[in-house]
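Please read the structure below before turning to the comments.
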Amino acid sequence: STQSTWGKLKPKLKPAKIGEPAALCLKYFNMFGSTFLKGTDIHTCEPPEGDPSTQPVPTTIDENLYRPWVLANMHAARMHTIIPCDQYEVAARNCESSLKRYQYTIKGVEHYGMDQADLKQEIELCREMVTMLPGKQKEIYRAYFG
């Protein structure tokens, strides 16, 4: 029967923890984001000095790459908030990194005038997250220290 054949073809995967895939996603979003920065080794995609959001806004971005650049930064910021942790310092640092990444994205949007209609929702979401994340930081503090 089809059910038994499908069962044989389906790979047996161990359930992955959410932190591992989120950390890998963050790594690859950072690698993509770093390709826009000066001083990036194009063979390894390693940024010149760590996290792309600590760098100045890229000097040039082609208009057809605005959307991928914004989305990669948004997803990287989101990954920071998804990674689970059991220590306050790590949780606070992840939330702060997320906030910085959204701020960096807004800075790039303003620098290049990326006011295209197809990016309107993404830009609004970034601005909204910048206003909401400080509240999340307070929630994290309360969760660890009552």
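Side-chain contact check for Arg101 and Asn30: at least one donor-acceptor pair (N or O, by modelled atom type) lies under 3.5 Å.
One distance of note links CG of Asn73 with NZ of Lys100; it measures 14.5 Å at 0.5 Å rounding.
At a threshold of 4.5 Å between side-chain heavy atoms, the hydrophobic network of Ile, Leu, Val, Met, Phe, Trp and Tyr places Ile83 and Ile18 in one connected group. Hydrophobic clustering of Ile, Leu, Val, Met, Phe, Trp and Tyr side chains at less than 4.5 Å, counting indirect connections, keeps Met132 apart from Leu99.
Contacts of Asn64 classified as side chain to side chain contact (heavy atoms under 4.5 Å, CB included), with partners at least two apart in sequence or in another chain: Asp62. With sequence neighbours left out, the salt bridge (charged side-chain N to carboxylate O under 4.0 Å, His left out) criterion links Arg67 to Glu122. With sequence neighbours excluded, the residues forming a side chain to side chain contact (heavy atoms under 4.5 Å, CB included) with Ile140 are Tyr88, Ala91, Cys95, Lys136, Tyr144, listed by chain and number.
Side-chain N or O atoms of Ser98 include none that pairs as donor or acceptor with a backbone N or O of Asn94 at under 3.5 Å.
Looking at every heavy atom in both residues, Val90 comes nearest to Cys85 through CG1-CB, 3.6 Å.
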Evaluate the salt bridge (Lys or Arg N to Asp or Glu O under 4.0 Å) criterion for residues Glu20 and Lys27: first the C-alpha distance (whole Å), next the side-chain angles of each, then the deciding distance (0.1 Å), finally the verdict. CA-CA 11 Å; Glu20 294 169 13; Lys27 174 187 173 185; over 6 Å; no
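With ring centers used as reference points, Phe29 lies 6.0 Å or more from Trp69.
Side chains of Val70 and Val109 form a contact here, defined as non-hydrogen atoms less than 4.5 Å apart.
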